[in-house]
Amino acid sequence: MNTSVSTSLTDHLNPAQYEVVTASLNHLLVLAGAGSGKTSVLVHRIAWLMTQHQVSPFEILSVTFTNKAASEMRHRIEHILQFPIQHMWVGTFHGLAHRLLRKHWQEAKLPQAFQVLDSDDQQRLVRRVIKNLNLDEERWPPRKAQWFINAKKEEGLRPDKIMSGKDPSLETYRRVYADYEAICQSSGLVDFSELLLRSYELLENNPELLMHYQDRFKHILVDEFQDTNWIQYQWLKKLAGNSAKLMMVGDDDQSIYSWRGAKVENLQRFTRDFSSVQTIRLEQNYRSTSTILNAANAVIAYNENRMGKNLWTQGEKGELVSLYAAFNDRDEARFIVGQINLWLKNGGKREQAAILYRSNAQSRVIEEALIQFNMPYRIHGGLRFFERAEIKDALAYLRLICNRDDDGAFERIVNVPTRGIGDTTLSVLRDTARENQLSLWKTVQYVIEHQRLSGRAMSALAHFISLIDEMAKAVTELSLQETTEHVLIKSGLVAHYQEDRSEKGLARIENLEELINATSQFKPDIEIVPTSLLAAFLSHVALEAGEHQADQLSDAVHLMTLHSAKGLEFPLVFLTGLEEGLFPHNMSGQEPHQLEEERRLCYVGMTRAMKKLYLTYAETRYLRGREMNQKASRFIREIPKACLQEVRPKTTISRPVSVMSASYQPKNQTAQPGHEFGLGNHVQHPAFGEGIVLGYEGSDAHARIQIKFKTGTKWLVVAYANLRKI
DNA sequence: AACACCGCGTTTTTT
DNA sequence: ACGCGGTGTT
């Protein structure tokens, strides 16, 4: 035994963490509360296995959900061990499944050059299938069909295993699924859920292969286990076999993805499926103040179905949780900006602040306030790099060069930039392709041979065909980066986007340049026998869609949904829109289990905060173009009064006392009772500059003041507007 | 082929 | 309100 390593490894662990890291070689279920050091425990356990039990990196499989988590895991392990761990399988479920399929494409009955479809590609293909079946898209929305297909695959079901019986609707979806699957198989396409199902079947149908991997992986460690779906759990069980030791780390209270198939039940099922599972709870929180933690604990305690866990902290009590009842959504936003300014004044940084919301639509009003007050911010979420239209166009050319039968790629760029191949031509192509069971590419050759189209259409098509063929030929000797550059120029894409002189067009050109940059950085997976570097790059791109934003502002306030906040922490957190109907969200439903998931979401949001937590709601809010009267969320009532501090005391709402016309400017009026600034007073505002007081709404702590600035007339909350009389 | 207009839906997101 | 996709107009 290496004592020095073992002590330094376990030095900073608390008793529960120590118990996990040094547990004997059993199956482990670690119920790790928010901020309890779960990733650290996973990393230390791996290091412990390697240093104390002589486990080779080769024998370890470590699974996460996101690429980000996977790369962080790898870095942290390498940091502890101080050497690279190339042969350890650390990755996402999808990434590892993809690796298995690449390595064993023959056994998986896939073409060697199979390509990965992202959900956008998948939806296009599903739409195509629905059209081909002559189904009404209104009645059979492609989105729903796509959802159906993925749900079935996640349950491990192939079309022939779905018993539609007398249900005609189910039968229709089943047929769409069957046709979709047939097309994927014949054109070598694999969507995300297919990666999982196919690799599961690969193991199921190839006992020698399964034995090989069962023999290899002696330790399987899983992060965020509460987020696993049915097929992922089956996949893990299959790989584990009878000998591998499993360590599942998760938190039932942070299960917020059941709507996309995650089965929190897997936590309990694990303890039943495997004998002698040792369950350890990590309940000491190192993140939040005790006040924040008590508030969060009280909320989550309202859930009935819990495995039981109570987070505690040795940390300081900290400030009370502040609750602000805003007049409306704009007031809510203004309040938040005001409080962040206060934070900054006290030496805080913008990047320490996070504004969380239930739905993306809420960000707009907040953004407007941030812009108004010149506060830099960064939104997490939205379109990711490789999902941008211009990038997908460029990739479609590359895909077509790799595989001429990729109909999705063909359709995407056959007329981008426009080259005289219109809808009429395309629909002839599609019909002919279907009749003859050919890819669109082969159909073009067939159509030209049989003179099935007008001369003009055929010459345009012939031109396109030779364009692609010539690009493919020119590119054989080029590097990946040179290939991309060549294709971008020769395809006319760059020229096409350069014509757009607007901001948007400029950004697109920049993105295309960034794509070239990405190709130069690309390193293929060493475990996979390379087909071509280009093919490897295309798979990589589908599996890892890239950061949301290329330009990462350093000291900027973070804006994101509650869902994307999971796993993160910030000293200062604003939980916004705590209103019935919005959070808990109406669309999520009123059934107990749905309400419990919303409550878990609230718990996740609250436990992101380290030092200071603000809860806000608006009494009226614009929703879908309508001003709605909102009621405070039930989650607010679930927080003990002792943890809370109401910023604006709840009083009866006063209507505007006087609505002044902008032209009315009385001179030197004295301040009204309860108002520091009199009507007509000149005031100075930190952001808007000089202005004149025009009117009031309410009084005392929740008074709002109407001021005419050079830039326009605004309503501000006196208490936070930071006004100075001049 | 580019642009304007209409109607629809509108929670959350990763791979 | 807003953005999308589909249709119709120039």
Side-chain angles (χ1 to χ4, degrees), chain A residues 63-70 91-99 116-124 127 131 137-138 141-144 147 150 153-154 190-197 199 223-224 227-229 231-232 255-262 329 356-365 368 380-384 386-387 389 415-424 460 496 499-500 539-548 560-567 577 581-589 594 597-598 600-602 604-605 621-628:
Chain A
V63 195
T64 61
F65 273 84
T66 65
N67 291 304
K68 198 174 151 210
T92 63
F93 281 101
H94 293 86
L96 298 172
H98 174 248
R99 186 184 278 185
V116 180
L117 287 183
D118 69 18
S119 26
D120 194 52
D121 302 329
Q122 184 188 31
Q123 201 186 115
R124 283 162 186 276
R127 175 170 283 130
K131 282 209 172 119
E137 277 191 66
E138 300 270 294
R143 288 182 51 86
K144 286 203 171 147
W147 184 85
N150 289 335
K153 287 188 181 183
E154 276 162 23
V190 176
D191 63 47
F192 289 134
S193 5
E194 184 73 21
L195 285 171
L196 299 173
L197 179 53
S199 74
D223 196 9
E224 305 278 19
D227 288 339
T228 48
N229 62 29
I231 193 77
Q232 286 161 338
S255 159
I256 55 174
Y257 285 115
S258 74
W259 52 273
R260 65 178 199 206
D329 43 3
L356 311 182
Y357 36 81
R358 177 65 177 83
S359 69
N360 287 305
Q362 286 168 256
S363 77
R364 213 194 78 237
V365 176
E368 281 167 3
H380 298 240
L383 256 202
R384 296 152 112 242
F386 291 117
E387 286 166 353
N415 205 29
V416 177
T418 48
R419 42 175 78 89
I421 302 169
D423 284 341
T424 330
H496 173 69
E499 273 172 37
D500 185 353
S539 304
H540 165 81
V541 152
L543 282 165
E544 195 164 344
E547 274 293 308
H548 290 281
M560 68 191 87
T561 63
L562 286 154
H563 282 90
S564 23
K566 193 170 80 141
L582 188 60
F583 190 28
H585 204 287
N586 270 339
M587 293 300 275
S588 144
Q594 296 171 313
E597 179 144 320
E598 293 285 305
R600 288 194 291 270
L601 198 51
C602 184
V604 166
R621 173 184 300 278
Y622 275 97
L623 283 169
R624 296 177 205 144
R626 287 225 128 67
E627 186 163 49
M628 303 281 284

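In what follows, chains carry the letters A, B, and so on, assigned in the order in which the sequence lines appear, proteins first and then strands, with residues in each chain numbered from 1. FYI, side chains are in, hydrogens and waters are out, and symmetry mates aren't considered; it's all heavy atoms of this structure.
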Of all residues at least two apart in sequence or in a different chain, which pass the side-chain hydrogen bond (donor to acceptor under 3.5 Å, both in side chains) check with [X]?
X: A:Glu544; result: none
X: A:Asn229; result: none
X: A:Ser255; result: none
X: A:Arg127; result: A:Glu137

**OP:** Examine B:dA1: is either OP1 or OP2 under 4.0 Å from a nitrogen or oxygen in the side chain of A:Asn415? Give yes or no.
**Re:** yes
Original post:
OP1 or OP2 of B:dT13 less than 4.0 angstrom from a side-chain nitrogen or oxygen of A:Ser119, does that happen here?
Top reply: no
Original post:
How far apart are the C-alpha atoms of A:Ser258 and A:Glu597, what are their side-chain angles, what is the distance that settles it, and do they pass the side-chain hydrogen bond (donor to acceptor under 3.5 Å, both in side chains) test?
Top reply: CA-CA 8 Å; A:Ser258 74; A:Glu597 179 144 320; 2.6 Å; yes
**OP:** Please tell me which of A:Leu562 and A:Thr418 maps to the more 5' nucleotide of DNA chain B, matching each residue to the nucleotide holding its nearest heavy atom.
**Re:** A:Thr418
Original post:
For A:Trp259 and A:Asn67, take the nucleotide of DNA chain B holding the closest heavy atom to each; which residue's nucleotide lies nearer the 5' end?
Top reply: A:Trp259
How long is the line joining [atom1] of [X] and [atom2] of [N], in whole Å?
X: A:Gln122; N: B:dT13; atom1: CD; atom2: C1'; answer: 14 Å
X: A:Ile256; N: B:dT13; atom1: CD1; atom2: P; answer: 9 Å
X: A:Lys144; N: B:dG9; atom1: NZ; atom2: C1'; answer: 11 Å
X: A:Phe386; N: B:dT15; atom1: CZ; atom2: P; answer: 13 Å
X: A:Leu383; N: B:dT14; atom1: CG; atom2: C1'; answer: 15 Å
X: A:Arg143; N: B:dT13; atom1: CZ; atom2: P; answer: 13 Å
X: A:Phe65; N: B:dT13; atom1: CZ; atom2: P; answer: 16 Å

Polar atom pairs (N or O), protein with nucleotides 5-10 of chain C, under 3.5 Å:
none

I want to verify a distance call: between [options], whose nearest atom is closest to the [X] side chain?
X: A:Ser359; options: B:dT13, B:dT15, B:dT12; value: B:dT12
X: A:Met587; options: B:dA1, B:dT12, B:dT11; value: B:dT11
X: A:Asn360; options: B:dT12, B:dA1, C:dC2; value: B:dT12
X: A:Arg364; options: B:dT15, C:dA1, B:dT13; value: C:dA1

Original post:
B:dT12 base to A:Ser564 side chain: any donor-acceptor pair below 3.5 Å?
Top reply: no
Subject >> A:Tyr257 ring over B:dT12 six-membered base ring, under 5.5 Å and 30° >> reply: no
**OP:** Classify the nucleic acid contact of A:Gly577 as base, sugar-phosphate or nothing, counting any heavy atom under 4.0 Å across all strands shown.
**Re:** nothing
**OP:** Please check if the distance between the ring centroids of A:His94 and A:Phe65 is under 6.0 Å.
**Re:** no
Without placing hydrogens or testing angles, list every side-chain donor-acceptor pair under 3.5 Å for residues 582-589 of chain A, not counting sequence neighbours.
residue: A:His585; atom: ND1; partner: A:Met587; partner atom: N; Å: 3.0
residue: A:Ser588; atom: OG; partner: A:Glu598; partner atom: OE2; Å: 3.4

